[in-house]
2 protein chains.
Amino acid sequence: MTPGDAGRLADQLGFVLEVDRLKSVIRRGYVADGSRRENTAEHSWTLALMALVLAEHAAEPVDVAAVVRMVVIHDLVEVDAGDTYVYDDAGQASKDAREQAAADRLYGLLPADQGAELQALWDEFEHGTSREARFARSVDRFAGFLLNHASGGRAWRENDVTADRVHAVNQAIDDGSPALWAEVQRRLADALDRGWLEPGPAAPAPDQT
Amino acid sequence: MTPGDAGRLADQLGFVLEVDRLKSVIRRGYVADGSRRENTAEHSWTLALMALVLAEHAAEPVDVAAVVRMVVIHDLVEVDAGDTYVYDDAGQASKDAREQAAADRLYGLLPADQGAELQALWDEFEHGTSREARFARSVDRFAGFLLNHASGGRAWRENDVTADRVHAVNQAIDDGSPALWAEVQRRLADALDRGWLEPGPAAPAPDQT
């Protein structure tokens, strides 16, 4: 190992230890058994696993490895910016600026070539500029929905989220995976049947597909 | 989506929700800031991130995507078999049989082709039969060490683990990454200097490399 390599390794380990704090960023949603709220590190693992297992349901054929790489790093910015709840409109409005500053700082901890590469991957995810990014974004949203359903809708009720909002927010899943969007609609109808959330003021019935 | 596809998706989501229990498998080691013990889901995410960031330090050139896929699933068996502490000799002796039974059950939840493919990937990791598997195994062991060091050696002291044991158990890291093994020796010497663990009865000094 040359001295340059040792410097690279030191920077890389500093980065890894810094983003370990993602394990302390607590999301609104619960783990599947409802026992506690999920943190962003384990959420990111769930997405990686889902990308591996569900890739055949992407709208277009995807390079699975690229999707996995993307979801592993997609939420690193939350180390600084925190988790922004998908149903929090005010938070969503300021999210981009907060996350951009976080990305600049965090990816800046890495050797320059590597930081630029990973930040470009994050940009690709954020802007959905490839079929892999579009599928990754669909999996991200689907995972939140699936665990909310699995845990009996607890996070929806705690945050006064109604079915019409769930429908509106998750419709974007269709872009990367019509099959997963169809699954959302089936489970959303089921959640309404079970009384796990209220229809809401706008209350469009889920599409009967 | 054909009826066959719907059946596949149902099985795949059943699998994803079953292995979500990995978030409740608590390891002996702590997260980097020492605030609490780590669970296996977030540990798996750390390995995926490390594989992305540290691949250049592999002993031989590796297909990074293959390493990442492997570490995402490498500990799924702990859903049934629990975590076996790397310094628990009795546990290590029964580990293979417990984990094989777990693998047969868990991968059996997936569509047969996919279950066979992922179980083969797990076998590859377990037996270190490729350069990717050897690097993945090194990263797995290194991650445990790195977080123990970062959190001030708390898990070592709680489990009466001495420096000679740390040295012996982590020496295998050299197989997949001499650079990471050199880093272990630097940090182990530092931990001894700080009094974070005892030298131990056998007490070989860390190699001065």
>> The test is side-chain contact (heavy atoms from CB on, under 4.5 Å); show your working for A:Asp20 and B:Asp33 and say whether it passes.
In response: CA-CA 8 Å; A:Asp20 200 75; B:Asp33 69 8; over 6 Å; no
>> Is A:Leu47 close to chain B through its backbone or its side chain, or both, or neither, when contacts mean heavy atoms under 4.5 Å?
In response: neither
>> Less than 4.5 Å to any heavy atom of chain A: does that hold for the side chain of B:Val68, its backbone, both, or neither?
In response: side chain
> Checking heavy atoms, do the side chain of B:Asp63, its backbone, both or neither come under 4.5 Å from chain A?
Replying inline: neither
> Could you name the residues of residues 113-121 of chain B that have a heavy atom within less than 4.5 Å of a heavy atom in chain A?
Replying inline: B:Gln114, B:Leu118
> Do you know which two heavy atoms are closest between A:Ala32 and B:Leu17, and how far apart they sit?
Replying inline: CB-CD2, 4.0 Å
> With a 4.5 angstrom heavy-atom cut-off, which part of B:Leu49 approaches chain A: side chain, backbone, both or neither?
Replying inline: both
>> For a 4.5 angstrom cut-off between non-hydrogen side-chain atoms, does B:Gln12 reach A:Met50?
In response: no
>> Using the rule given for side-chain contact (heavy atoms from CB on, under 4.5 Å), can you reason through B:Thr46 versus A:Trp45, listing the C-alpha separation, both sets of side-chain angles and the distance that settles it, and then say yes or no?
In response: CA-CA 9 Å; B:Thr46 288; A:Trp45 168 77; over 6 Å; no
>> Please evaluate residues A:Leu13 and B:Val53 with respect to the criterion side-chain contact (heavy atoms from CB on, under 4.5 Å), reporting the C-alpha separation (whole Å), side-chain torsions for both, the decisive distance (0.1 Å), and the verdict.
In response: CA-CA 9 Å; A:Leu13 296 181; B:Val53 170; over 6 Å; no
> Where do A:Lys23 and B:Arg36 come nearest, in terms of heavy atoms and distance?
Replying inline: O-NH2, 2.8 Å
> Does atom CD of A:Glu124 have more than 12 heavy-atom neighbours from other groups under 6.0 Å away?
Replying inline: yes
> Between B:Arg21 and chain A, which part of the residue has a heavy atom less than 4.5 Å away: side chain, backbone, both or neither?
Replying inline: neither
> Which answer fits B:Val64, side chain, backbone, both or neither, if we ask what part of it has an atom under 4.5 Å from a heavy atom of chain A?
Replying inline: neither
>> Tell me which of these, A:Val19, A:Leu52, A:Leu76, A:Val16, has more heavy-atom pairs under 4.5 Å with chain B than the rest.
In response: A:Leu52
> Contact part of B:Ala48 toward chain A, heavy-atom cut-off under 4.5 Å: side chain, backbone, both or neither?
Replying inline: both
> Which region of B:Leu180, side chain (C-beta onward) or backbone (N, CA, C, O), has a non-hydrogen atom less than 4.5 Å from a non-hydrogen atom of chain A, or is it both or neither?
Replying inline: side chain
> Heavy-atom count around B:Glu198 CD within 6.0 Å, excluding the residue itself: above 12?
Replying inline: no
> Looking at A:Pro111, A:Ala41, A:Ala10, which has the largest count of heavy-atom pairs under 4.5 Å with chain B?
Replying inline: A:Ala41
